[in-house]
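Computed from heavy atoms alone, side chains included, the values below leave out hydrogens, waters and symmetry copies.
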Amino acid sequence: ELRTPLNSVIGFTGIVLQGLAGELNDEQKEQLGMAYGSAKHLLSLINDLLDISKIESGELKPDIREFNIAEAGIEIRDSLKIMAEEKELELIFNIPDISIFSDKRRFEQILLNLVNNAIKFTEKGKVEVKAVEKDENIEVMIKDTGIGIKKEYFHKLFQPFVQLEYTITEGAGTGLGLYLTKNLVQLLKGKIQMESEYRKGSTFTFILPIEYGG
């Protein structure tokens, strides 16, 4: 029920922005565009909260199917390309053509969250995504040249509703992203780890079995 009225707002705002209800001037387009972007952002936060609620209650079950991680990576790269270009960041994806048995939607959600975070907290340089096959697992590394994380905050990183004061940006959310990501990785029988050096960058690595439950 939380999503239904919000989807209506997004849908009707999108129709008006396309000019289907009449011509808009530049100021109207800008204001409506901001409302549209805010509604989309709110929808993503609601989806995160609902996913966390389902995970914590044990209701979220993975949908295990075979899929190609290179193809999944291309979808994520294409969806974030403009965001990286706006910040003049180099976005590099090096994911091998490997098929795994896992939950494609959740794999993409994990990758999207981590790459989106890397871009958000990187002002210059690059964000690099690399995957390797190792011991019947797939290791996916997301490395950035961003602000990095102070060591005294490492223990807080995957906790809910945590935002690091010195990294809060204008587009900051609720501090649920990494907590959700960690839970999704664990849902897929994997693990996640992080290395970081303040002002030099961070590397997040998540490791999933090539065959869920195999």
Side-chain angles (χ1 to χ4, degrees), residues 6-7 10 14 17 33-52 67-98 100 102-132 138-149 157-158 163-164 167-185 188 190 192-196 200-208:
L6 194 52
N7 278 321
I10 291 169
L17 274 171
M34 290 168 66
Y36 183 79
S38 295
K40 294 273 280 186
H41 182 59
L42 180 56
L43 181 61
S44 72
L45 295 179
I46 288 171
N47 286 334
D48 283 354
L49 283 167
L50 291 174
D51 279 345
I52 286 169
F67 68 92
N68 186 288
I69 62 169
E71 292 174 5
I74 288 169
E75 291 179 29
I76 301 304
R77 182 197 66 193
D78 290 349
S79 71
L80 294 174
K81 194 189 313 185
I82 293 174
M83 183 180 173
E85 287 174 353
E86 285 176 348
K87 300 184 76 172
E88 298 182 350
L89 299 176
E90 191 178 0
L91 184 59
I92 304 165
F93 271 70
N94 185 7
I95 299 182
D97 191 19
I98 295 173
I100 70 171
S102 193
D103 187 322
K104 181 175 186 282
R105 181 186 166 201
R106 301 306 175 184
F107 176 88
E108 290 178 346
Q109 194 174 358
I110 293 163
L111 188 57
L112 178 67
N113 280 351
L114 292 174
V115 179
N116 182 66
N117 257 12
I119 294 172
K120 187 160 67 171
F121 297 115
T122 301
E123 292 306 318
K124 61 180 180 178
K126 64 183 179 180
V127 173
E128 184 174 4
V129 181
K130 181 181 179 183
V132 294
I138 192 78
E139 292 189 7
V140 184
M141 290 152 279
I142 299 91
K143 184 177 183 179
D144 65 61
T145 55
I147 190 170
I149 300 158
L157 208 56
F158 293 103
Q163 289 177 293
L164 309 185
T167 65
I168 290 178
T169 65
E170 191 177 328
T174 57
L176 289 172
L178 286 177
Y179 177 67
L180 174 59
T181 299
K182 178 186 176 183
N183 278 276
L184 288 173
V185 169
L188 299 182
I192 187 168
Q193 55 201 40
M194 180 275 303
E195 296 176 9
S196 186
K200 292 195 175 179
S202 305
T203 301
F204 285 82
T205 304
F206 67 94
I207 302 163
L208 299 179

Sorted by chain and residue number, the ring pair (Phe, Tyr, Trp, His ring centres under 6.0 Å) partners of Phe67 (sequence neighbours excluded) come out as Phe107
Please step through side-chain contact (heavy atoms from CB on, under 4.5 Å) for the pair Phe206 and Leu111, ending with a clear verdict.
CA-CA 9 Å; Phe206 67 94; Leu111 188 57; 4.3 Å; yes
In Asn47, Val185, Asp51, the residue satisfying side chain to side chain contact (heavy atoms under 4.5 Å, CB included) with Leu180 is Asp51
Roughly how far apart are [X] [atom1] and [Y] [atom2], rounded to 0.5 Å?
X	Y	atom1	atom2	value
Glu71	Lys104	CD	NZ	7.5 Å
Leu80	Leu91	CG	CG	7.0 Å
Leu184	Arg106	CG	CZ	6.0 Å
Ile100	Leu208	CD1	CG	6.0 Å
Lys81	Ile74	NZ	CD1	10.0 Å
Ile142	Ile192	CD1	CD1	7.5 Å

For the student: nearest non-hydrogen atoms of [X] and [Y], plus distance:
X	Y	value
Asp103	Arg105	OD1-N, 3.1 Å
Ile95	Gly73	CD1-CA, 3.9 Å
Thr122	Leu89	O-CD1, 3.5 Å
Ile207	Glu139	CG1-CG, 3.6 Å
Ala39	Ile10	CB-CG1, 3.6 Å
Ser79	Leu112	OG-CD1, 3.9 Å

Quick check on Gln193: does its CD atom have over 12 non-hydrogen neighbours (other residues, nucleotides or ligands) under 6.0 Å away?
yes
Does the [X] side chain pair with the main chain of [Y], one donor and one acceptor, at a distance under 3.5 Å?
X	Y	result
Ser38	Ala35	no
Ser196	Gly201	yes
Ser202	Ala118	no
Thr145	Lys126	yes

Sequence neighbours left out, what passes side chain to side chain donor-acceptor pair (under 3.5 Å) with Glu128? Give chain and number order.
none
Applying salt bridge (Lys or Arg N to Asp or Glu O under 4.0 Å), can you list everything that pairs with Lys87, at least two apart in sequence or on another chain?
Glu123
Between Ile149 and Met194, is any pair of side-chain heavy atoms under 4.5 Å apart?
yes
Please examine the side chains of Leu188 and Ile110, heavy atoms only from C-beta on, and report whether any two atoms are closer than 4.5 Å.
yes
Evaluate Met83 against Asn116 for side-chain contact (heavy atoms from CB on, under 4.5 Å), listing each step before the verdict.
CA-CA 9 Å; Met83 183 180 173; Asn116 182 66; 3.3 Å; yes
Using side-chain contact (heavy atoms from CB on, under 4.5 Å), reason through Phe204 and Thr181 one step at a time and then give a plain yes or no.
CA-CA 11 Å; Phe204 285 82; Thr181 299; over 6 Å; no
Stepwise, does the side-chain contact (heavy atoms from CB on, under 4.5 Å) test hold for Lys182 with Leu178?
CA-CA 6 Å; Lys182 178 186 176 183; Leu178 286 177; over 6 Å; no
